[in-house]
Amino acid sequence: MLMIRGLSGGYGALPVLNGIDLRVEAGEVVGLLGRNGAGKTTMLRVIAGWLRATSGSITLDGQELIRLPAFRRARAGIAHVPQGRGIFNALTVRENLEVGTRAASLRGGQGIPEDVFHYFPILRERQGQIAGTLSGGQQQQLAIGRALCGRPSVLLLDEPSEGIQPNIVQSIADIIPRIARERGLAVVLVEQNLDLALQASDRCFVIEKGKIVHSATPAELADETILKELLAL
Amino acid sequence: MTERDRNWLTLFATGLILLIVYPFFADGYQLTVIRDALIFGLFAASLDFFWGRTGILCFGHAAFFGLGGYVMALITLNGSVPLAGLVGLLGAIAAAALLAAVIGYFLFFGGIRGSYFTIVTLATGVICQQAAISWSSVTGGDSGLIGIPPLEIDFAGIRIDLGQDLASYVFISIIVAIVVLLLWQLSRGRWGKVLTAIQDNEVRAAALGHNASLRLLLTFVVSAAIAGLAGALYVCMAGLIAPDLSGLLLSTEVTVWVAVGGRGTLLGPVVGALVIQRAQQEISSFNPSLWPLILGLLFIVIVFALPDGVLSIFSRLKAIFRKTEPAR
């Protein structure tokens, strides 16, 4: 279980988050919605340790992570799939996955988990291909698959639908809740594509000016008037 | 094993055969020329292991070469150290590794990368050369130290006396071959993959649980240790050491050897060192002032025309032939 209390932080002197409280249970998908610049991406980066937190606490199953550098958070079980995916272009698909197994090695995880190929069969087919030559959708699947290689307990997904053809967006929307349930993974999903966010999430939060201002179920947000009011679309 | 690995091994085996055959055609002097060039080849491979795998250029690599040389010289000239040859080699390796560990610790964990790293290492090289000149009571100042005895290792019943041309040629060939093979194993395995990942996107590598700074530091230390070993071997063969062996010019030359030979190939830089030193001797013999000009020009041409080094000519030709082959 991921527990965040009073989290503030951002880019050096420029604070973006102003006291975020969030609790994500194992096996559930939490969607973060909000306008551009609300602090969604920043929040994921602060949780992953990419950006520094100025105050607050981040605990994973009781372990405090706030003082740890990014690589130690990864080893503790936080996996972050950023915008733009961050694939290692010069390595093959398989090598990308192998590099991803480091986070799990201290917790006894060895090698690439078999279910990664089960969720993303394309990765098995393309094992020997240089990752930089994959299509955008395949790269996104590789990025998520690589994150799973660290056998994480938390998965932070930043805009998985960005720049991807619609049929792959649909398959990602199907696979995210499935992975969360089958692996007991706590997923935080930041997504501009509302359909995907509402379809994949169990609960949704609206974030504004670095604060969580509203929580709702996807069913409630499916009502367009409420949605318009919350997101000021 | 990939096609790239097979090509590398073929090239390695070819080089090894040439090294074995050469003594049957060459006289003692020619052997010592190749032997000394091979030591600089080892030095080039040590720089390539770091620069080629991390993409970060160390522009003061001669500092480690020179430090290794001075440590070796001081230990063997002391006269009271038992097993001086062996202790000297180990001391040279340890001293270079230690210097790299100290510099690297502050740079890598301080988040210094790219050209800033290059500039700091350049300054380190200049400082080391100046220290070698100024600390004359220990280093012999400008004129350096002379009379360093040839390597003689007498350990556990094995006696190696490297005063002979052929013996020293064989010894250096074996050391260079073994070290280059080990470095290659390290860089094609998991270690190298992680370094490629860090070079590509360090933040991402860290997000996958890799301690990128530590990994870079260890790679730098290994690279410096081998440069120190090369320096120590060189002074035993040459019999002398001077401040310019830790200086800016040698740092520049080793960079050129690696760039010409092909960064990231390990073998290329060894070949680059051999070929360029040979060319330097030929050209300097009829006009000494011509060499720096040609070296500079060569570097520019390589950077623009063959950024992957001279050895990439083969793969380029292959690609051209494939293109011009009629479609079936």
Side-chain angles (χ1 to χ4, degrees), chain A residues 44-45 47-52 68-107 109 111 128 130-132 139 142-152 154-156 158, chain B residues 1-6 8 48 51-56 105-113 184-219 262-266 307-309 312 315 319:
Chain A
L44 295 194
R45 289 181 177 178
I47 298 172
W50 181 346
L51 295 176
R52 199 175 294 234
L68 299 183
F71 75 90
R72 289 208 188 283
R73 293 192 199 187
R75 291 177 189 180
I78 304 262
H80 179 211
V81 179
Q83 264 173 311
R85 307 180 274 269
I87 291 301
F88 301 125
N89 288 320
L91 298 178
T92 65
V93 169
R94 187 171 190 93
E95 287 167 350
N96 263 279
L97 295 173
E98 280 166 358
V99 168
T101 60
R102 178 65 179 93
S105 60
L106 292 182
R107 283 175 274 122
I130 296 294
Q139 286 193 5
L142 174 56
I144 299 173
R146 188 179 64 181
L148 295 179
C149 286
R151 299 168 201 264
V154 173
L155 183 62
L156 311 171
D158 200 350
Chain B
M1 188 172 284
T2 64
E3 190 191 340
R4 202 179 143 83
D5 290 345
R6 266 195 299 276
W8 194 94
D48 187 36
W51 185 22
R53 278 288 140 203
T54 66
I56 304 169
Y105 175 79
F106 289 106
L107 292 181
F108 291 126
F109 286 89
I112 308 286
R113 303 283 189 276
W184 179 67
Q185 272 298 342
L186 208 52
S187 39
R188 69 190 275 266
R190 192 182 165 80
W191 189 280
K193 302 277 179 264
V194 174
L195 286 179
T196 307
I198 291 172
Q199 179 180 357
D200 198 338
N201 190 337
E202 187 176 333
V203 171
R204 219 54 344 249
L208 294 169
H210 295 281
N211 189 345
S213 300
L214 182 66
R215 182 76 63 151
L216 291 173
L217 176 65
L218 290 177
T219 308
R263 188 157 71 86
T265 61
L266 289 174
D308 295 327
S312 69
S315 49

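Labels below follow one simple rule: chain letters A, B, ... track the order of the sequence lines, proteins then strands, and each chain is numbered from 1. Side chains are part of it too, since the values below use all heavy atoms of this structure and drop only hydrogens, waters and symmetry mates.
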ask   = Measuring heavy-atom distances to chain B, does A:Arg73 have an atom under 4.5 Å in its side chain, in its backbone, in both, or in neither?
value = neither
query = Do other residues, nucleotides or ligands put more than 12 heavy atoms under 6.0 Å from the CZ atom of B:Arg190?
reply = yes
note = Closest non-hydrogen contact found for A:Ala90 with B:Asp200 is N-OD2, 3.6 Å
message = Can you tell me which of A:Pro69, A:Ala79, A:Pro82 forms the most heavy-atom pairs within a distance under 4.5 Å of chain B?
response = A:Pro82
Flag if over 12 foreign heavy atoms under 6.0 Å of CZ, A:Arg52 = no
message = Quick check: closest heavy atoms across B:Ala207 and A:Ala74, and the distance to 0.1 Å?
response = O-CB, 3.1 Å
task = Would you name the heavy atoms of B:Lys193 and A:Leu91 that are closest together and state the gap between them?
result = O-CD1, 3.8 Å
task = Pick one of side chain, backbone, both or neither for B:Ala205, based on which atoms fall under 4.5 Å of a heavy atom in chain A.
result = both
query = Yes or no on side-chain contact (heavy atoms from CB on, under 4.5 Å) for B:Val203 and A:Arg45, after CA distance, side-chain angles and deciding distance?
reply = CA-CA 11 Å; B:Val203 171; A:Arg45 289 181 177 178; over 6 Å; no
query = Would you say B:Thr196 and A:Phe88 make side-chain contact, with heavy atoms under 4.5 Å?
reply = no
inquiry  = Checking the side chain of A:Arg102 only, and the main-chain atoms of B:Leu208 only, is there a donor and an acceptor separated by less than 3.5 Å?
reply    = no
task = Any pair with a residue in residues 191-211 of chain B that passes ring pair (Phe, Tyr, Trp, His ring centres under 6.0 Å), sequence neighbours left out, goes on the list, sorted by first then second residue, please.
result = none
key: Region of A:Ile87 that comes under 4.5 Å of a non-hydrogen atom in chain B   = backbone
query = Quick one: what part of A:Arg85 sits under 4.5 Å from any heavy atom of chain B, side chain, backbone, both or neither?
reply = backbone
